[in-house]
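Heads up: the structure comes next, in structure tokens.
No experiment lies behind these values; they were computed from the predicted model shown.
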Amino acid sequence: MTTASTSASPVLPDIEQFSSLLQQHGIHTALQYLNSRTPHRYTGVFRFEGDELRNEALYDRRDPVNVVHGPNAPLEASYCVLLTRQQTPLEITDAATDPRLNHLTNKPVLSYCGVLIRDNEGKPFGSLCHFDMQRCQERTTDLPLMQAAADLLYNHLHPSPAK
């Protein structure tokens, strides 16, 4: 789990709120909190499984009650594959004009903001991301909170055995 450093201190109250919601109300409510801070419609947790991107949880601002999971997708056809390649957070404001996405022919998601979720050994496990089919404002200010939340999400999905 990531600990807050002096440079990340402005994130501390936000990650404490996220952590509290995750522990008390579960992943969907915690994703709702993250989503409330962004213009993106969706906030999701995805797991890398071979060449597939598996949805673990999804929050949809327009249908928060009925949508709790999204479809799986081929990893190579997703923006999350770029996270695995560059190993750093990724922000796409407009997929139609972003040269990093030239290899994709089908781009239904126009705006994306994501971070890697790493396992306890530091290996990529999946992604935490905001995304939308409409163009959204840049959200680089969300990245420190998303990175801290990613560690908490991994530990929530894979709790360590009690000693």
Open item on the list: Distance check, rounded to the nearest 0.5 Å: Glu56 atom CD versus Asn72 atom CG?
Closed with: 9.0 Å
TODO: Considering non-hydrogen atoms only, spot the tightest contact between Gly114 and Met146 and give its length.
DONE: CA-CE, 4.1 Å
Task: Minimal non-hydrogen separation, Ala57 against Leu31, with atom names - done: CB-CD1, 3.8 Å
Task: Cluster overlap Val109 with Leu101, hydrophobic side-chain contacts below 4.5 Å - done: yes
Task: Distance in Å, Ile15 CD1 paired with Leu152 CG, rounded so as to fall on 0.5 Å steps - done: 4.5 Å
Task: Smallest separation among heavy atoms of Val81 and Glu76, with atom names - done: CG2-OE2, 3.6 Å
TODO: Please report the closest heavy-atom contact between Asp119 and Phe125, naming both atoms and the distance.
DONE: N-CB, 4.0 Å
Open item on the list: Less than 4.5 Å apart, side chain to side chain, heavy atoms only: is that true for Arg61 and Thr38?
Closed with: yes
Task: Parallel, tilted or perpendicular: rings of Phe18 and Tyr33 (30°, 60°) - done: tilted
Task: Residue Gln134 excluded, over 12 heavy atoms near CD under 6.0 Å - done: no
- [ ] Over all heavy atoms of both residues, which pair between Asn55 and Pro71 is shortest? Give the atoms and the distance, please.
- [x] CB-O, 4.0 Å
Task: Parallel, tilted or perpendicular: rings of Phe46 and Phe131 (30°, 60°) - done: tilted
Open item on the list: Counting C-beta onward and ignoring hydrogens, is there a side-chain heavy-atom pair between Asn66 and Asp60 closer than 4.5 Å?
Closed with: no
TODO: Let me see the working for Arg118 and Gln87 under side chain to side chain donor-acceptor pair (under 3.5 Å), right down to the final yes or no.
DONE: CA-CA 10 Å; Arg118 296 180 184 276; Gln87 298 285 309; 3.0 Å; yes
Open item on the list: Taking the six-membered ring for Trp, are Tyr112 and His130 closer than 6.0 Å centroid to centroid?
Closed with: no
Task: Nearest heavy atoms of Ser127 and Phe48, plus distance in Å - done: N-CZ, 4.2 Å
Open item on the list: Looking at Asp132 and Arg41, is any side-chain nitrogen of the basic one under 4.0 Å from a carboxylate oxygen of the acidic one?
Closed with: no
TODO: Would you check if Leu143 and Cys113 make a side-chain contact, meaning some heavy-atom pair closer than 4.5 Å?
DONE: yes
Task: Check ion pair Asp98-Arg100 (N to O, under 4.0 angstrom) - done: yes
